[in-house]
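The figures here come from the full heavy-atom set of this structure, side chains too, leaving out hydrogens, waters and symmetry mates. Everything quoted here is computed from the prediction, not taken from an experiment. FYI, the numbering just counts along the sequence from 1.
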Amino acid sequence: GRLGPERWGRVTDWCHQVREDPDVTLVHGAPGLGSLIAGDGTGSAALLTGEDLAVAPWYFDLGWVLGELVELRWQLGGDQQGWQLLLEALFEGYGRDAGEQWNRLAALRILLHVHDIAAYVGWHTAGFDHYATFLTFLVDL
């Protein structure tokens, strides 16, 4: 309710745009940071994927990780330049960035996270106002 009908309308439109985008490819579907095994400095990192394999627009996977990093940056604070360097490394590794619609991708991922909290951790409602404020910021960009 805190987002209001106008913002929910925008978010719903964004979901439809992703679903109806004709430029689709094979994507991991949910390449979360929790599925990343960091390398030891001499070897390669690995991303555990497969369960959520899907067909979606190219930016779907990028938006998923972008949303996780933006959420962590917002929640943890700290060295903002360091966070920015992480985002730039993500875009460089991916080969392109999310462009002007980065906030949409981040908001959709964070909204899914809020949904999961509401659906599976129903006793934890204290954070919803906190999330609503941040999501309002992202949706209004």
So [Y] and [X], do their side chains get closer than 4.5 Å, heavy atoms only?
X	Y	answer
L112	I110	no
L111	W8	yes
R10	R104	no
W58	V27	no
L62	L90	yes
P57	D23	no
D79	L85	no
L108	C15	yes

Steps toward side-chain contact (heavy atoms from CB on, under 4.5 Å) verdict (N103, D140):
CA-CA 9 Å; N103 63 306; D140 288 349; over 6 Å; no
For a quick test of reading the model, state the closest non-hydrogen atom pair linking L87 to L66 and the distance between them.
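Nearest pair, atom of L87 first, then L66: CD2-CD1, 3.6 Å.
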Enumerate the ring pair (Phe, Tyr, Trp, His ring centres under 6.0 Å) contacts for residues 59-82, please, sequence neighbours excluded, ordered by first and then second residue.
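Residue pairs passing ring pair (Phe, Tyr, Trp, His ring centres under 6.0 Å), neighbours aside: W74-H130, W74-Y131, W74-F134.
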Using the side-chain contact (heavy atoms from CB on, under 4.5 Å) criterion, which residues pair with D97? Sequence neighbours excluded.
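For D97, the residues satisfying side-chain contact (heavy atoms from CB on, under 4.5 Å) (neighbours in sequence not counted) are F91.
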Residues in side-chain contact (heavy atoms from CB on, under 4.5 Å) with A107, at least two apart?
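For A107 the side-chain contact (heavy atoms from CB on, under 4.5 Å) partners, ignoring immediate neighbours, are W14, L135, L138, V139.
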Salt-bridge contact E68-R109 (side-chain N to carboxylate O under 4.0 Å)
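A salt bridge is present here (some side-chain N lies under 4.0 Å from a carboxylate O).
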Examine distances only and state if a side-chain atom of [X] and a backbone atom of [Y] form a donor-acceptor pair shorter than 3.5 Å.
X	Y	answer
E20	V18	no
W83	G77	yes
D61	H28	yes
R7	L3	yes

Count the heavy atoms of every other residue, nucleotide or ligand shown that sit under 6.0 Å from CD of Q80, and state whether that count exceeds 12.
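Yes - once you tally the heavy atoms of other residues, nucleotides and ligands closer than 6.0 Å, there are more than 12.
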Intermediate values then yes/no, side-chain contact (heavy atoms from CB on, under 4.5 Å), D13 and V11:
CA-CA 5 Å; D13 288 344; V11 168; over 6 Å; no
